[in-house]
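Hydrogens, waters and symmetry mates play no part in the numbers below; they use all other heavy atoms, side chains included. Along the sequence shown, residues carry numbers from 1.
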Amino acid sequence: MLMICLCFLLTGDGNPKESSPFINSTDPEKNQQYDGKNMALFEEEMDTIPMVSSLLSSLANYSNLPQGSKEHEEAENNEGSRKKPAPRMGTLMGVYLPCLQNILGVILFLRMTWMVGIGGVIEAFIIVLMCCSTTMLTAISMSAIATNGVVPAGGSYYMISRSLGPEFGGAVGICFYLGTTFAGAMYILGCIEILLVYIVPQAAIFKMEGLEGAEAEAAMLNNMRVYGTLVLSFMAIVVFVGVKYVNKLALVFLACVICSILAVYAGVIKTAFEPPVFPVCVLGNRTLVWKGFDVCAKVIERENATVTTKLWRLFCDSEFLNATCDSYFANNNITEIQGIPGIMSGTLRENLFGNYMDKGSFIEKVGLSAAVEPDSIPTNTNRYVLADITSFFTMLVGIYFPSVTGIMAGSNRSGDLQDAQKSIPIGTILAITTTSIIYMSSVFLFGSCIEGTVLRDKFGEAVRGNLVIGTLAWPSPWVIVFGSFFSTCGAGLQSLTGAPRLMQAIARDGIVPFLRVFGHGKANGEPTWALLLTACICESGILIASLDNVAPILSMFFLMCYMFVNLACAVQTLLRTPNWRPRFKFYHWTLSFLGMSLCLSLMFICSWYYAIVAMGIASCIYKYIEFRGAEKEWGDGIRGLSLSAARFALMRLEEGPPHTKNWRPQILVLVNMDSELNVEQPRLLSLTSQLKAGKGLTIVGTALEGTYLENHPQGQQAEQSLRKLMEAEKVKGFSQVVISSNMRDATSHLVQAGGLGGLQHNTVLACWPRNWKQAEDHQSWRNFIELVRETTAASEALLVPKNVSAFPSNGERFTEGHIDVWWIVHDGVTLVHICISLLYLQHDSDISAYTYEKTLMMEQRSQILKQINLTKTEREREVHVRPQAFTVKASLTALAGRSAVKTQSRRPAAKRRNQKKRYSQQCSSCLQIPQKQINGFTVFILDANNSHIACVEHAGISA
């Protein structure tokens, strides 16, 4: 399959077919004129049948480094002022092979067989199908981004950030960076595991001979930490010295990956005719570690005598037949089974279903019986193959998913591609298709060829310490061992090369201020500081020292990155963004939505707490960029979502008038500006903040006199002043400035045109006119009267505070005081509109007994009218309503503007007459101010249905 895809990609590659049309030409300028041109009679024929020399030249120039690395190498090796432009790459060299090399990696070689043995063929196939489907759907979304106009140079981060905006772009970019960095740690740990377990076990610093359980595990982890740190330091030095050394080995690493895959398939074919000999020794039904003995038997016949074997001496205290042996060893027989029975053996039936185990449990052969003494404690456990971790389905998903990452290797080099819009979709999708076929076929082939006990043996202890997948390879297991070793080394070097450049790009964008220091580097642009940060983060992953524990961490970050790629495409398609016109014909927004759902589901399937942490990191970065980050003109797809949601909500509000339960005070605040375009009554916004407490709609409007063409700059300045004051007073709402030939018309325009659709004001807040008694300033009270009439005609409430400059500000706190509330009663239904003001003095008074009795009588009268079955019109004609006023004792909280009114409970009239009575002045109309002055603030509340006016009067000020 791999060769078929290679042959398919060779057709129409788009690369230059010959470096020069002249034979033995030595003129570089003449050759450069024809660079990239096919000197043939039929150019179409050259495109479909490329020359072998062109293919070999492309392979010689193959590089798997991210964009920017090659430019740094050229700057480092610059020998003169004249530079030859770097050749553009096609689909094969630029996208397909880099993606193939990044996807096929350490998990395939070290954990794939174990995953099939633990989860079974069916569940392992489901895991592979889910993960490969996720990356395929993400690749389709990336293809849509790549075909949406010109692909920006800079790779996946640039495509995502320029599509979703700086907030999401920065969050996704950092998650992508962390995933790439932890991937480097995973590759290094895989490299050390291959080195210490399969190549040179004698190199271990902390010896594991004779250790059992936790001690052996701790020694292994310490070896991984020491050697991992040394390898990381060496790789970081290589990357720091120059990426040209990494670039020269790119083709070698690619060859190792391809040769290893081909060796596995060749070995599978060979097992059908001649299975390899890898015996497995089983005691009872427990698999033994094949180490320290050569014959799988207790005794053997030698020179007509029965002689004990080395295996006998491992479980007995002497080599004689009468020695004392381990009870389990004495009661069970030794069985030798074939570790690789072959594809035609029928092993697939035994490996179909999962066999999950707890940590420390024995790996047992299914179908064999064993004699175990009850309540016996197992001994010599280091002689058996044990499960090193507790296994379950979700853990397998987290360990496996990193094996399908690396799909962005082609898009990361978008600036180096000859035709990015063509190469990225074709190369990425074909690479995912190829690797998906390899992974899915490997599940069935491993389950068909390898014995279940060997599959569940993670480190190959039952097959003489060989790599399990290596036992299946042809011609030798060392092909896989060395191939996987060099491929993991190459993948680690590529991660340490790509991650710092990604961090440097984020830092140079300036969207995260505290990361700007990592945008600096050497003179040729090498990201020195970013490389240091990457090495430190990678070291934290190496200190974990377990490939099985590091894999779920990087799975989280890659899944979040892929999820946001799908989100970007789905959101922009649903919002029908004008600049979103992908030409990839297989794209549909439902595929992006399905990919996003799969990514989110896999995050919580792998590890719900890791998923929460990763989402928390992304959310914190998003909020930080939102509040502290620099503004970028990249566009924001999420803003389009807000506009669509706002439009939908406004259309819903138009369906009908709001219910009483949903009524909110929507206030239009009318303020005046002085000659310097500053607000004359800033305390009016303080009162607004206290009344609203952040709820409902607030529109702060002002009127300017003049023409719009001449006074437009003044209008912008006035609007800026309003916004600053609203921010200072913590008033959440909108500002609006109207310029008209006279102030009366401008105020009328604000009252009429304020709001949008169903989101309009229902209350107007304006100050009492100043100097209204003076004859020379008669226009102010005339404008006020017109405002009263207009709000009455519009059935809107009007709040008029008097002497608003004496009102308390938001910063003032009070511990005691009282509020006077005028309660308007209408037809037995109490319409309570409370306008809260803070008080200065203690005001001790009970509910007016007179008002209480009158209110009770009116309620009884209304109840009687209902009982005699009068019509609604007749009841309204019979009922004589007159506003009643009384004083309510209230307690104030320490927080300004959030007073809680506590009315005293109604008491029997006889009991209340014995108390001291304090009557408040009864009003015949809400427009009438009480003659008696009341300490504190007297609040008159407007009933919008009866066009009452609410006035607020400061203590000591009479009407």
Side-chain angles (χ1 to χ4, degrees), residues 665-674 679-693 696 698-703 722 725-726 728-731 733 747 750-751 761-773 780-781 783-788 790-792 796-812 814 817-822 824 833-841 885 890 892 896-899 901 923 926-930 933-944 947-959:
Q666 319 289 0
I667 299 179
L668 170 63
V669 185
L670 299 178
V671 297
N672 297 325
M673 311 293 288
D674 56 17
V679 179
E680 292 183 351
Q681 309 93 0
R683 289 295 176 89
L684 196 61
L685 291 184
S686 301
L687 176 62
T688 303
S689 177
Q690 297 164 12
L691 291 175
K692 298 287 295 180
T698 301
I699 302 175
V700 181
T702 186
L722 290 179
L725 185 59
M726 291 172 65
E729 297 293 341
K730 298 181 180 179
V731 176
T747 305
L750 283 173
V751 175
H761 61 274
N762 52 28
T763 304
V764 178
L765 177 62
C767 285
W768 186 269
R770 296 182 306 171
N771 303 326
W772 60 277
K773 292 184 179 181
S780 62
W781 63 265
N783 292 341
F784 178 74
I785 293 177
E786 290 296 325
L787 177 62
V788 173
E790 289 176 355
T791 54
T792 302
E796 296 176 351
L798 178 62
L799 303 179
V800 185
K802 191 175 182 181
N803 295 328
V804 70
S805 59
F807 277 48
S809 64
N810 289 332
E812 300 181 40
F814 298 90
H818 72 277
I819 300 174
D820 294 328
V821 179
W822 296 87
I824 301 174
H833 300 269
I834 302 177
C835 180
I836 300 175
S837 303
L838 297 179
L839 308 178
Y840 294 115
L841 304 175
L892 296 176
R898 296 190 179 181
S899 302
V901 180
C923 296
C926 271
L927 295 177
Q928 177 182 353
I929 306 296
Q933 295 183 4
I934 303 176
N935 293 332
F937 295 92
T938 304
V939 182
F940 295 88
I941 304 300
L942 167 70
D943 180 3
S947 303
H948 294 304
I949 301 176
C951 305
V952 182
E953 179 180 339
H954 184 261
I957 305 297
S958 63

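The CG atom of Leu798 sits 10.5 Å away from the CG atom of Leu668 when rounded to the nearest 0.5 Å. Of the inter-residue distances, the one linking Thr791 atom OG1 with Leu799 atom CG reads 10.0 Å to the nearest 0.5 angstrom.
A pairwise comparison of heavy atoms in Val751 and Glu796 identifies CG1-OE1, 4.0 Å as the closest pair. When all heavy atoms of Pro801 and Leu684 are compared, the pair lying nearest together is CG-CD1, 3.6 Å. Between Leu787 and Ala766 the shortest heavy-atom distance is CD2-CB, 3.8 Å. Shown here for Met673 and Thr702, the closest heavy-atom pair between the two residues is CG-OG1, 3.1 Å. A pairwise comparison of heavy atoms in Val669 and Ile667 identifies CG2-CG2, 3.7 Å as the closest pair. The minimum heavy-atom distance linking Val800 with Cys767 is given by the pair CG1-C, 4.0 Å.
Using modelled atom types, one side-chain atom of Asn762 and one backbone atom of Gln666 make a donor-acceptor pair closer than 3.5 Å.
In terms of the side chain to side chain donor-acceptor pair (under 3.5 Å) criterion, residue partners of Glu790 (sequence neighbours excluded) are, by chain and number, Arg744, Ser748. Partners of Leu725 by side chain to side chain contact (heavy atoms under 4.5 Å, CB included), not counting sequence neighbours, listed by chain and number: Val679, Pro682, Leu685, Glu729.
The shortest side-chain heavy-atom distance between Thr688 and Thr698 falls under the 4.5 Å cut-off. Proximity of Val671 to Leu722: side-chain heavy atoms (C-beta onward) are separated by under 4.5 Å at one or more points.
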